[in-house]
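As structure tokens, the structure follows; a few thoughts come after it.
Just so you know, these numbers use all the heavy atoms, side chains as well, and skip hydrogens, waters and symmetry mates. Remember, it's a predicted structure, so these values are computed and weren't measured experimentally. The sequence lines fix the lettering, A, B, ..., with proteins before strands; numbering per chain opens at 1.
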Protein chains: 2
Amino acid sequence: MTVTLADVAARARVSPATVSRVLNGNYPVAAATRERVMRAVDELDYVPNGPASSLAAATSDLVGILVNDIADPFFGIMAGAAQGAIGAGGAGDALTEAGRAAAGTAHERPTGTSTDKATAKATDKTSDKTSEKVSEKAGGEKLAVVCNTGGSPARELTYLTLLQRQRAAAVILTGGSLEDPEHLAAVAAKLARLAEAGTRVVLCGRPPLGEPPAGEPAVAATLAFDNRTGARRLTEHLLALGHRRIGYVAGPENRTTTRHRLEGHRAALAAAGVAEGPTVHGRYDRSSGYEATVELLGREPDLTAVVSANDTVALGVCAALRDRGLSIPGDVSVAGFDDLPFAVDAVPALTTVRLPLHDAGARAGRLALGTEAPPQGGVATIAAELVVRGSTGAPRGA
Amino acid sequence: MTVTLADVAARARVSPATVSRVLNGNYPVAAATRERVMRAVDELDYVPNGPASSLAAATSDLVGILVNDIADPFFGIMAGAAQGAIGAGGAGDALTEAGRAAAGTAHERPTGTSTDKATAKATDKTSDKTSEKVSEKAGGEKLAVVCNTGGSPARELTYLTLLQRQRAAAVILTGGSLEDPEHLAAVAAKLARLAEAGTRVVLCGRPPLGEPPAGEPAVAATLAFDNRTGARRLTEHLLALGHRRIGYVAGPENRTTTRHRLEGHRAALAAAGVAEGPTVHGRYDRSSGYEATVELLGREPDLTAVVSANDTVALGVCAALRDRGLSIPGDVSVAGFDDLPFAVDAVPALTTVRLPLHDAGARAGRLALGTEAPPQGGVATIAAELVVRGSTGAPRGA
DNA sequence: CTGTTAGCGCATTCAA
DNA sequence: TTGAATGCGCTAACAG
């Protein structure tokens, strides 16, 4: 039915072993023989059987990228960058739209529209008679795939198991994690198992695991976002503007990201000797920001600023404020986090903290591939940068 | 080294075949035996070797979801929904944030914050001592995985080949496709090959392929968005408001989505006997909308409305208009497409066309699984709904 | 209901 | 530089 390596061997009048060798390009093969084999491959439109090679070689070319919410650009940008660095088509040569937007800042540094079309055309041109060539090129390629956990710990574990079962070459865990000790232990155990089996584990935007009990660390590299410092700078900015009654719309409880941002916020407050305002926990989405703001205002009507868990939440905060007839930043200042592409489009544009999501994702991809050396000690801290825009200003009456 | 099925068999004092049977649950096995085997599995912390089973069974549990841009919520929402319907944790029980937001419309129908936390807690609870149980449950699970093509035809083909090589159980192609005949032919050929090998192919948000030359169609089911009618309704709305000079910021050329939306727009104009305004092509991102608007205004300063390729582009259009000192919709009306979650947060809120992305994605997932019967004729047309909000109004001077 | 027997398609020894 | 032989771990007939 489907054509196998043996068929190719027969067609090329060589042994299966030889075909295997030219396909994997690891052993010396005579040029003439190689040519003959390649022709047979093309003529038969042969596609290697992945499971079979994985079984024989005891490794696969699958790389799993776990994300908490695939519909959230925060994860989409990281995942896209990682996949670009790893996957089909090579080293991130085709930057995605949003990736590009996230790198620069949209219209502040516009990209030529025509340039892009030219690129697309060129790429397209090659897909012409190259369909066979592509399948050949797919030879050394890794299959980078993203898995959406939806923030569910059970799913995270399930995906890890599925990836383990596939003998994945690498696994990248993105974004913060749940802080539940049992879950953490389960994940750590799973990662240790994966590492044992030769899977490279990379953490991107997630704080390092605790040290393993003994021997090799399970994690090859960790890229941790400095959420704490970023959050601190943000609140310091508000404080400098003169705000003293600051509300906080936090992310879900028991999440590292939530906790770190909150800690940075509190550190700034404490350092300035300012009392903490009301805090409400919610999800990382806009309706959560909306609801939380309603509650915040109910508890403390004289707030002059609201800090949000992230930009998406900030959008909800703004909506709630507007619906109350409050102006931004005239009546209340609002701040976000992450500097997602749409942050600059909010009205007014959102003051936020920029995380280099695209760079971090791409780097995680290279780390997963082993193309890039891991940082000293295995852990790199990624700095967050305060971005001041129009949504924050002096408090009313100042 | 790693524990194999044989180890489990030895531990449970049964034959390998029996272990395989209880693991796959396809054949009758005595309760006592099953119990013994399960215990052995747990004790040994056995994880099946995916490649080996795939090789032996000639099928894998991989399901590939191809998207054009993973950082774009348009794709994120569909992919998340599909993955939810297919993947770990079962039938979309854990709706993602954005998925939920996209289904209802954010604060217009708020979801309880507390409810959610309760759910999370509950889910978490089960991850407790259940880590073994999860790996067991992963038994029948499919590994739904998303692949980011970045809009590149070459990558699309490469991913398809990679998936073919893995003997994927199903493949879902989301979003519009390039209209280049050569690329289309290459994709069609690839899909035919996949279908032959038993991979179920589903198109979601993509128009049907041409009929196959003969025999079985390569595509199991197609869910096509009715972009044409949606676009037509949108322009009719503008026309009804009194607009006569309407600019259009289109998506990339040679893409089905771009063409269909443009056709709907033109159909409305033609039906009303109104001359077509200027049209500029760009990418599906905000900076493209910004640049295009500048050009549109240059060409035709007296435009009273701008229709955008999608909501993201519309954001850029709004930004450009604002920077010019033009008010929306006072001076110029703006319309988007897709009704992404953030559309309601634009200021003013975006008039747009809603596509049931979440539902379509989930349905595509079920179709890929074979859980749901394909539509009559294999093709279902998904209706698009006009959503009128504040960004459109009567033209100035009316 | 359970054990035995064969491969699945390929990568890798080992010889030649 | 190439071929022949072996086994990766599992599933699927086929017996019993």
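Out of C:dG9, D:dA4, D:dG9, the shortest distance to the side chain of A:Ser15 is found at D:dA4. For B:Ala56, the side-chain atoms get nearest to C:dG7 when compared with the rest of C:dT4, D:dC8, C:dG7. Set against D:dC10, C:dG9, C:dC1, the side chain of A:Ala52 has C:dG9 as its closest nucleotide. Residue B:Ser20 places its side chain closer to D:dT11 than to any other of C:dA11, C:dC10, D:dT11. Residue B:Thr33 places its side chain closer to C:dT2 than to any other of C:dT2, D:dC10, D:dC8. Here the side chain of B:Val29 is nearest to one of C:dG7, C:dT2, C:dC10, namely C:dT2. Nearest nucleotide to the side chain of A:Ala57, out of C:dG9, C:dA11, C:dT2: C:dA11.
Here A:Ser54 lies out of heavy-atom contact (under 4.0 Å) with every strand. Among the protein residues, A:Val19 comes within range of no part of the nucleic acid, since none of its heavy atoms lies under 4.0 Å from any strand. Within the 4.0 angstrom heavy-atom criterion, only backbone atoms of the sugar-phosphate kind lie near A:Leu5; the bases stay farther away. Using a 4.0 Å heavy-atom cutoff across all strands shown, B:Ala17 reaches at least one base atom of the nucleic acid.
Residue B:Tyr27 is the one, among B:Arg167 and B:Tyr27, whose nearest nucleotide of DNA chain C lies closer to the 5' end (criterion: closest heavy atom). Comparing A:Pro16 and A:Pro28 by the nucleotide of DNA chain D whose heavy atom lies nearest to each, the residue mapping closer to the 5' end is A:Pro28.
Distance CG (A:Asn24) to C1' (C:dG9): 13 Å, rounded to an integer number of Å. Between the P atom of C:dT12 and the CG atom of A:Leu23 lies a distance of 13 Å, rounded to the nearest Å. When the C1' atom of D:dA12 is taken as reference, atom CG of B:Leu55 falls 13 Å away, rounded to whole Å. Regarding A:Arg36, its CZ atom lies at a distance of 12 Å from the C1' atom of D:dT1, rounded to whole Å. Here D:dT2 presents its P atom at 15 Å from CZ of A:Arg13, a figure rounded to the nearest Å.
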side-chain hydrogen bond (donor to acceptor under 3.5 Å, both in side chains) for A:Ser15 and A:Thr18? Distances and angles first, verdict last.
CA-CA 5 Å; A:Ser15 73; A:Thr18 301; 3.2 Å; yes
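Defined by atom type and a distance below 3.5 Å, a donor-acceptor pair is present between the side-chain atoms of A:Gln83 and B:Tyr159. Side-chain contact, A:Gln166 with B:Asn49: no donor N or O sits under 3.5 Å from an acceptor N or O.
Comment: A:Arg36 does not engage A:Glu43 in a salt bridge, judged by the lack of any side-chain N to carboxylate O separation of less than 4.0 angstrom. The residues A:Glu156 and A:Arg206 are annotated as salt-bridged, a charged nitrogen and a carboxylate oxygen being separated by less than 4.0 angstrom.
Below the 3.5 angstrom threshold, one finds a donor paired with an acceptor across the side chain of B:Arg21 and the base of C:dG3.
Between C:dG9 and A:Ser53, no contact under 4.0 Å exists linking OP1 or OP2 to a side-chain N or O. Under 4.0 angstrom from either OP1 or OP2 of C:dC8 there lies no side-chain N or O belonging to A:Asn49.
Contact detail for A:Ile86 and A:Leu369: the closest heavy-atom pair is CG2-CD1, 3.7 Å.
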